[in-house]
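Everything below concerns the one structure shown next.
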2 protein chains.
Amino acid sequence: MTTSRAPGHRERKKQQTREALSWAALRLAVERGLGNVLVEDIAAEAGVSPRTFNNYFSSKAEAIVWRHLDRVRHIAELLRERPPGEPLWDSLTSVVVLPFGDEGARPDPEWTAGVRLILGQTELQGAFLKAGAEAERECAFAIAERTGTDVGRDLYPLLVAAAVGAAIRVASEQWLRADPSVPLPTLLRDAMGRLAAGLPAPNAE
Amino acid sequence: MTTSRAPGHRERKKQQTREALSWAALRLAVERGLGNVLVEDIAAEAGVSPRTFNNYFSSKAEAIVWRHLDRVRHIAELLRERPPGEPLWDSLTSVVVLPFGDEGARPDPEWTAGVRLILGQTELQGAFLKAGAEAERECAFAIAERTGTDVGRDLYPLLVAAAVGAAIRVASEQWLRADPSVPLPTLLRDAMGRLAAGLPAPNAE
DNA sequence: CCGCAATATTGCGGGATGCGCACTTTTATG
DNA sequence: CATAAAAGTGCGCATCCCGCAATATTGCGG
């Protein structure tokens with residue numbers, strides 16, 4: 001649980017194995033389809049026994065989605081590093097955009113394929129959302145610190161975290177769907193801006 | 001079993017069976033714990049063969065969560081029935097609160113137990129969230145009609161739907177956690193109000 | 001540098017699941 | 001009433017998830 005006083009070198013290798021497994025799972029699933037990948041294959045790809053796979057992940061889906069979770073998890077940390085004076089929603093927006101590369105940056109085909117796989121395969125969506133929810137809870141704590149609220153009693157921090165999670169999710173979906181490719185950070189900023197503005201109905205026209 | 005006398009309502013019986021299965025799954029899982037319930041038991045409880053269970057649901061989790069999905073699904077319909085003049089967020093709030101009973105109403109122990117089970121058991125959360133996401137997509141269409149936007153091109157309707165879904169989720173969790181029981185509709189209104197207000201940081205004090 | 005204790009990995013095995021396939025029963029239609 | 005369509009059923013298999021116990025690896029103190 002507490003990561004602090006470990007000598008690290010052992011934990012390090014574990015994390016390495018975990019990453020290798022997650023990576024292998026994603027790669028195989030992308031290239032030959034989720035249904036045609038056995039746990040056995042993933043383990044082989046990562047150089048461990050099939051049984052070991054389940055020491056790290058309790059399902060294929062969990063393994064594939066883990067990289068995402070790890071990524072979004074950083075958002076909470078990043079949020080804590082923001083200058084305390086900054087308005088909350090400015091912090092949130094910066095922090096949400098950050099892990100997804102700079103505005104004009106590379107799509108990163110590896111990442112794109114992963115997102116496409118996850119959002120496409122029905123069986124992964126559950127795990128994906130669940131991972132997202134976990135990440136949200138961590139963010140909620142950071143938000144609570146920031147706003148002087150209590151995760152246990154006030155609904156505010158969890159609500160904000162969930163809303164932000166929703167924004168990320170929706171922006172990502174739209175990003176994949178967008179025909180003339182629009183940079184994800186742009187979509188994220190748009191979504192966050194609307195949230196902060198109270199999601200007013202767009203003056204249609 | 002009741003043979004529906006009216007012709008054509010084969011669909012009716014199917015729905016009936018589906019409901020029986022979902023109901024049985026929920027009931028058994030609540031009373032003896034999810035891990036101690038076999039598909040076989042659920043099927044027996046509903047009076048069909050185990051194989052038939054999988055014709056309706058592809059997992060225990062899906063069966064349990066289905067009732068929830070069915071419930072939330074109505075929100076989209078309800079939204080379409082609102083007077084077109086009403087401000088969007090007023091409509092949304094009404095419609096969100098509606099399926100969960102009136103303000104001062106019954107807790108409905110059956111429902112409470114179900115929610116508690118779903119939010120507690122890790123294995124159900126994925127399915128639960130996935131079902132929620134599906135419901136959100138349906139709501140998005142209703143919102144798009146209402147606001148003259150396009151689900152395929154604009155990110156607005158999906159964003160609003162996802163935010164509303166987040167509000168429902170968070171409010172429900174808080175409702176279970178609340179020590180001096182607070183009515184769920186109250187929490188829902190609170191959450192929706194904050195969303196519509198742009199989730200301003202509460203003036204701490 | 002060595003042996004010991006903690007921890008990680010592995011193999012085995014069983015219970016349960018999800019689903020394809022073919023067969024039987026029920027229901028709707030002409 | 002005959003017959004086709006659709007739902008329910010039984011069987012079997014590939015896979016999965018996990019507990020348990022044995023083994024290998026790692027880190028630490030002497």
Side-chain angles (χ1 to χ4, degrees), chain A residues 1-22 24-25 28-29 32-66 121-127 130-131, chain B residues 1-22 24-25 28-29 32-66 121-127 130-131:
Chain A
M1 230 77 65
T2 54
T3 55
S4 47
R5 65 188 176 88
H9 300 79
R10 198 154 185 164
E11 290 299 321
R12 188 150 193 84
K13 194 179 177 189
K14 278 189 72 171
Q15 208 63 10
Q16 204 171 323
T17 305
R18 165 172 270 114
E19 197 129 357
L21 282 168
S22 176
L28 291 175
R32 58 168 110 144
L34 183 60
N36 304 325
V37 180
L38 278 54
V39 170
E40 186 183 344
D41 304 329
I42 301 170
E45 183 85 4
V48 297
S49 107
R51 182 62 183 83
T52 298
F53 173 87
N54 281 354
N55 287 351
Y56 286 88
F57 300 107
S58 61
S59 75
K60 272 185 291 184
E62 197 178 307
I64 293 175
V65 159
W66 178 82
Q121 297 287 335
T122 296
E123 308 154 82
L124 295 180
Q125 289 169 9
K130 190 176 147 196
Chain B
M1 61 185 92
T2 57
T3 25
S4 48
R5 43 183 303 290
H9 300 51
R10 211 138 131 175
E11 287 302 321
R12 183 147 193 87
K13 195 179 177 189
K14 276 190 75 170
Q15 208 64 9
Q16 204 171 322
T17 304
R18 165 172 269 114
E19 196 131 355
L21 282 168
S22 175
L28 290 176
R32 59 168 107 145
L34 182 59
N36 305 323
V37 179
L38 279 55
V39 170
E40 187 183 344
D41 303 329
I42 300 171
E45 183 83 5
V48 297
S49 105
R51 181 61 184 83
T52 298
F53 173 88
N54 281 3
N55 287 352
Y56 286 88
F57 301 107
S58 62
S59 77
K60 274 185 290 183
E62 195 178 308
I64 292 175
V65 158
W66 178 83
Q121 298 287 335
T122 296
E123 308 155 82
L124 295 179
Q125 289 169 9
K130 188 176 147 196

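Because the structure is predicted, anything quoted here is derived from the model rather than measured. We name chains A, B, ... by the order of the sequence lines, and we start the count at 1 in each one.
With distances taken from any side-chain atom of Lys14(A) to the nucleotides dA16(C), dA8(C), dC17(D), the minimum falls on dA8(C).
In terms of the side-chain contact (heavy atoms from CB on, under 4.5 Å) criterion, residue partners of Gln125(B) (sequence neighbours excluded) are, by chain and number, Lys130(A). Residues forming a side-chain hydrogen bond (donor to acceptor under 3.5 Å, both in side chains) with Ser58(B) (at least two apart in sequence, or on another chain): Glu62(B).
Between Arg12(B) atom CZ and Gln15(B) atom CD the span is 9.0 Å, to the nearest 0.5 Å. Expressed to the nearest 0.5 Å, how far CD of Glu123(A) lies from OG of Ser59(A) amounts to 10.5 Å.
Closest non-hydrogen pair, Arg18(A) versus Tyr56(A), comes out as NH2-O, 3.4 Å. Leu21(A) and Ala43(A) get closest at one heavy-atom pair: CD2-CA, 4.2 Å. The heavy-atom pair separating Ala25(B) from Ile64(B) by the smallest distance is CB-CG1, 3.7 Å.
If you take CG of Leu34(B) and P of dC17(D), they are 15 Å apart, rounded to a whole angstrom. Atom CZ of Arg18(B) and atom P of dA7(D) are 11 Å apart (whole Å). The distance between atom CZ of Arg12(B) and atom C1' of dA7(D), rounded to the nearest whole Å, is 18 Å. Across the protein-nucleic acid pair, Glu123(B) atom CD and dC16(D) atom P stand 17 Å apart, rounded to whole Å. Spacing between atom CD of Glu40(B) and atom P of dT9(D) amounts to 14 Å, rounded to whole angstrom units. The distance from atom CG of Asn36(A) to atom P of dA14(D) is 15 Å, rounded to the nearest whole Å. The CG-C1' distance, from Leu38(B) to dC17(D), rounds to 14 Å in whole Å.
Pairs passing the side-chain hydrogen bond (donor to acceptor under 3.5 Å, both in side chains) check and including a residue from residues 34-43 of chain B, sequence neighbours excluded, read Arg32(B)-Asp41(B). Within the structure, every pair that satisfies the salt bridge (Lys or Arg N to Asp or Glu O under 4.0 Å) test and touches residues 43-54 of chain B, not counting sequence neighbours, is listed here: Arg27(B)-Glu45(B).
At a non-hydrogen distance threshold of 4.0 Å, Val48(A), Ser49(A), Arg51(A), Thr52(A), Asn55(A), Tyr56(A) from residues 46-62 of chain A come into contact with DNA chain C.
Put simply, Lys13(A) has no side-chain N or O that comes within less than 4.0 Å of OP1 or OP2 on dA8(C).
Each end of the helix from dC1(C)-dG30(D) to dG30(C)-dC1(D) gets its own rotation axis from five pairs of C1' atoms, and the angle between them is 20° to the nearest 10 degrees.
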